[in-house]
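See structure below.
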Amino acid sequence: MKVLDPKFIRQNPDVVKQAIANKGEKADVDGFLAADEKRREIISTVEKLKAERNTVTAEIAKLKKGGQNADEMIAKMRAVGDEIANYDKKLQEVEAEINNLLLWMPNMPHSSVPVGKTDADNVEVKKWGEIKTFDFKPRSHWEIGEMIGGLDIKHGATVSGSGFYFLTGPGARLERALINFMLDLHTLKHGYTEVMVPYIVGPNAMRGTGQIPKLAEDMYHIEKEDLYLIPTAEVSLTNMFAEEILQPDSLPKKICAFSPCFRREAGSYGKENRGIVRVHQFHKVEMVKIVEPDSSYDELEKLVGNAEAVLQALGLPYRVRILCTGDLSFAAAKCYDLELYAPGMDAWLEVSSCSNFEDFQARRMNLRYRTEKGGKTAFPHTLNGSGLALPRTMAGILENYQTKSGEVIIPEPLRPYMGGLEVLKG
RNA sequence: GGAGAGGUGGCCGAGUGGCCGAAGGCAGCUGCCUGCUAAGCAGUUAAUCGGGUAAAACCGGUUCUAGGGUUCGAAUCCCUACCUCUCCGCCA
């Protein structure tokens with residue numbers, strides 16, 4: 001189980017250290033280098049011993065076959081065997097140490113990613129749509145949502161605690177319409193294959209996409225079975241082909257899925273928590289691509305376009321920001337955030353995050369492909385992007401399309417999904 | 001939950017202690033032949049680690065689900081875990 005290419009770290013320790021610093025991560029490069037050197041030392045010693053054992057053992061076989069005595073050799077090999085066992089044990093320890101260190105190594109940011117520390121250093125690269133003006137004070141989505149009888153936060157807390165909510169009547173229907181609309185767009189127009197995925201996955205999958213060990217605290221974990229609730233369909237989708245060698249003509253793979261997402265959001269209580277913009281369970285439509293390395297940055301741009309298409313169709317103003325190194329997630333090499341404008345909150349809400357992980361996830365999950373028929377294996381690049389997260393999209397619609405009298409106009413493209421309905425009212 | 005079977009290379013599938021990195025088939029690749037969307041013949045094709053090289057070649061180690069054990073030596077014997085399949089039961 002690797003993360004960064006060990007050879008790359010060995011040869012470019014300073015590059016790796018700088019990248020870790022830029023990301024604001026802590027990972028022990030020097031510790032890795034020391035352990036790595038120790039590992040190779042042990043390997044060369046133990047391999048010599050094993051080579052010796054292999055030759056002698058073959059001779060023993062020959063002697064025995066000829067009915068001759070081989071007791072002396074056997075006694076000698078017994079000693080060699082013990083020695084080998086000894087070194088093998090040491091080797092195992094060192095490798096365990098190395099693997100652990102590697103699992104905590106973040107991905108390297110791409111050279112086009114701006115260096116920065118926080119959210120404030122992200123760079124806006126695009127703005128789309130006009131921010132609507134209202135002749136009244138626009139209400140927040142939780143206000144307008146309740147007014148139309150579509151949102152019930154109070155009873156969510158009753159049943160499950162804070163961070164959970166009910167969608168009722170028109171709210172539930174609107175969400176279902178949004179899900180179908182998004183899936184149809186991505187499958188029919190953007191060429192993704194729709195997939196229904198498991199919502200509960202094993203530790204290997206979580207490690208594969210990089211949620212654990214680093215982000216383990218944010219995940220819901222079922223102890224009894226050692227299974228996790230997915231924080232995003234990315235985990236199931238990207239891990240779908242883990243440990244496999246894909247044939248060259250099967251790339252690029254473009255798959256998408258709707259799923260619930262579960263996040264503990266540990267330590268994020270406080271402000272920014274009103275309404276449904278930060279909750280423990282929500283729905284999301286997710287797109288995943290598995291592509292050849294050469295094309296991954298082109299594919300990232302297309303992926304962003306696929307997510308943008310949803311916002312544009314819905315007529316929601318948004319901006320696109322490229323995340324700076326410090327805001328970039330552990331596993332990503334480059335990431336764009338799409339944020340829609342919510343006039344009721346007067347805030348930009350992140351509804352999609354589109355990332356290129358390069359070969360980081362592929363290495364972790366040992367996902368490979370053949371570069372050509374009968375050719376060598378290599379790690380493909382993996383990407384994913386939301387298309388989109390439902391609660392914040394819902395918030396965007398409620399706040400942008402509200403009327404003075406407390407109704408909500410349904411965006412045109414959603415109407416066919418709602419039996420032709422045009423307005424939601426209480 | 002009960003009973004049974006099984007996990008081998010890109011896939012299928014043989015192999016019960018040394019001559020097995022592993023027969024055979026399929027798929028792939030390379031030639032030959034054939035003049036016709038094909039068939040035939042011959043050869044060839046695992047992954048990974050260490051060393052080596054400008055890169056190869058090359059040398060060596062490991063790997064037959066995983067982990068432990070027996071042995072001079074394990075795909076092959078023993079133990080444990082996990083997974084898959086079949087039958088029965090239960091259940092949306």
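Lettering follows sequence order; numbering is per chain, from 1.
To the nearest 0.5 Å, the span separating CD1 on A:Ile245 from OG on A:Ser250 amounts to 11.5 Å. Remark: A:Ile179 CD1 to A:Leu390 CG distance equals 4.5 Å, nearest 0.5 Å.
Side-chain polar atoms of A:Tyr318 and A:Gln312 form a donor-acceptor pair below 3.5 angstrom. A donor-acceptor pair shorter than 3.5 Å cannot be found between the side chains of A:Tyr87 and A:Gln92. No side-chain donor-acceptor contact under 3.5 Å links A:Tyr401 and A:Glu407. For the residue pair A:Lys289 and A:Thr382, no side-chain donor N or O sits within less than 3.5 Å of a side-chain acceptor on the partner. For the residue pair A:Thr193/A:Lys254, the side-chain donor-acceptor check at 3.5 Å is not satisfied. There is no side-chain donor-acceptor pair under 3.5 Å between A:Glu292 and A:His381. A:Asp226 and A:His221 are linked by a side-chain donor-acceptor pair at a separation below 3.5 angstrom, with hydrogens and angles left out of the test.
Under 4.0 angstrom from either OP1 or OP2 of B:rC82 there lies no side-chain N or O belonging to A:Asn204. Between B:rU48 and A:Thr377, a contact under 4.0 Å exists linking OP1 or OP2 to a side-chain N or O. Within the structure, every side-chain polar atom (N or O) of A:Gln92 is placed at least 4.0 Å from both OP1 and OP2 of B:rU62.
Of the nucleotides present, B:rU84 is the one that pairs with B:rA5 by Watson-Crick or G-U wobble criteria, both distances under 3.5 Å. Pair assignment for B:rU34 gives none, since no Watson-Crick or G-U wobble pairing has each distance under 3.5 Å. When both distances must be under 3.5 Å, the Watson-Crick or G-U wobble mate of B:rG89 does not exist. For B:rA27, the paired nucleotide is B:rU45, the pair qualifying as Watson-Crick or G-U wobble because both relevant distances are below 3.5 Å. Pairing for B:rU70 is absent, with no Watson-Crick or G-U wobble pair whose two atom distances lie under 3.5 Å. Pairing for B:rA54 is absent, with no Watson-Crick or G-U wobble pair whose two atom distances lie under 3.5 Å.
Contacts between residues 75-87 of chain A and RNA chain B, counted as heavy-atom distances below 4.0 Å, involve A:Met77, A:Arg78.
If you take atom C1' in B:rC82 and the same atom in B:rG68, they sit 14 Å apart, rounded to whole Å. The C1' atoms of B:rG7 and B:rU63 are separated by 16 Å, rounded to the nearest whole Å. Distance check on atom C1': B:rA55 versus B:rG17 gives 42 Å, rounded to whole Å. Comparing the same atom, P, in B:rC19 and in B:rG25 gives a spacing of 22 Å after rounding to whole Å. For the P atom pair drawn from B:rA27 and B:rA22, the interatomic distance equals 23 Å after rounding to whole Å. Here, B:rC20 and B:rA92 have their C1' atoms 49 Å apart, quoted to the whole Å. Remark: the separation of the C1' atoms in B:rC12 and B:rA23 is 14 Å, to the nearest Å. Between B:rC49 and B:rC83, the two P atoms lie 28 Å apart (nearest whole Å).
Using cut-offs of 30° and 60° for the angle between ring planes, the A:Phe166 and A:His155 rings count as perpendicular.
B:rA46 atom C1' lies 19 Å from atom OH of A:Tyr369, rounded to whole Å. In this structure, NZ of A:Lys48 is placed 11 Å from C1' of B:rG60, rounded to the nearest angstrom. Between the P atom of B:rG50 and the NZ atom of A:Lys90 lies a distance of 20 Å, rounded to the nearest Å. The CD atom of A:Glu59 sits 17 Å away from the P atom of B:rC72 (whole-angstrom rounding). Across the protein-nucleic acid pair, A:Asp88 atom CG and B:rG73 atom P stand 12 Å apart, rounded to whole Å. In this structure, A:Leu49 atom CG and B:rC72 atom P are separated by 17 Å, rounded to whole Å. The nearest whole Å value for the distance from the CD atom in A:Glu243 to the P atom in B:rU65 is 14 Å. With rounding to whole Å, A:Ile98 atom CD1 is found 10 Å from B:rG50 atom P.
Within 4.0 Å of A:Glu72, counting heavy atoms only, lies no atom of the nucleic acid at all. Counting non-hydrogen atoms under 4.0 angstrom, A:Asn54 reaches the backbone sugars and phosphates but no base.
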Take A:Glu143 and A:Ser140 through the test side-chain hydrogen bond (donor to acceptor under 3.5 Å, both in side chains) and record every step on the way to the result.
CA-CA 5 Å; A:Glu143 291 170 299; A:Ser140 66; 3.0 Å; yes
Short N/O separations, protein against nucleotides 17-20 of chain B, under 3.5 angstrom:
{"from": "B:rC19", "atom 1": "N3", "to": "A:Lys65", "atom 2": "NZ", "distance (Å)": "3.4"}

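Annotation: salt bridge (Lys or Arg N to Asp or Glu O under 4.0 Å) contacts involving residues 151-173 of chain A, sequence neighbours excluded, are absent.
If you check B:rG73, B:rG50, B:rG61 against the side chain of A:Arg39, the one that comes closest is B:rG50. Nearest nucleotide to the side chain of A:Arg370, out of B:rC49, B:rG61, B:rA47: B:rA47.
Positionally, the nearest nucleotide of RNA chain B for A:Ile245 lies more toward the 5' end than for the other of A:Ile245 and A:Arg368. Judged by closest nucleotide on RNA chain B, A:Glu95 is the one of A:Glu95 and A:Thr55 placed further toward the 5' end.
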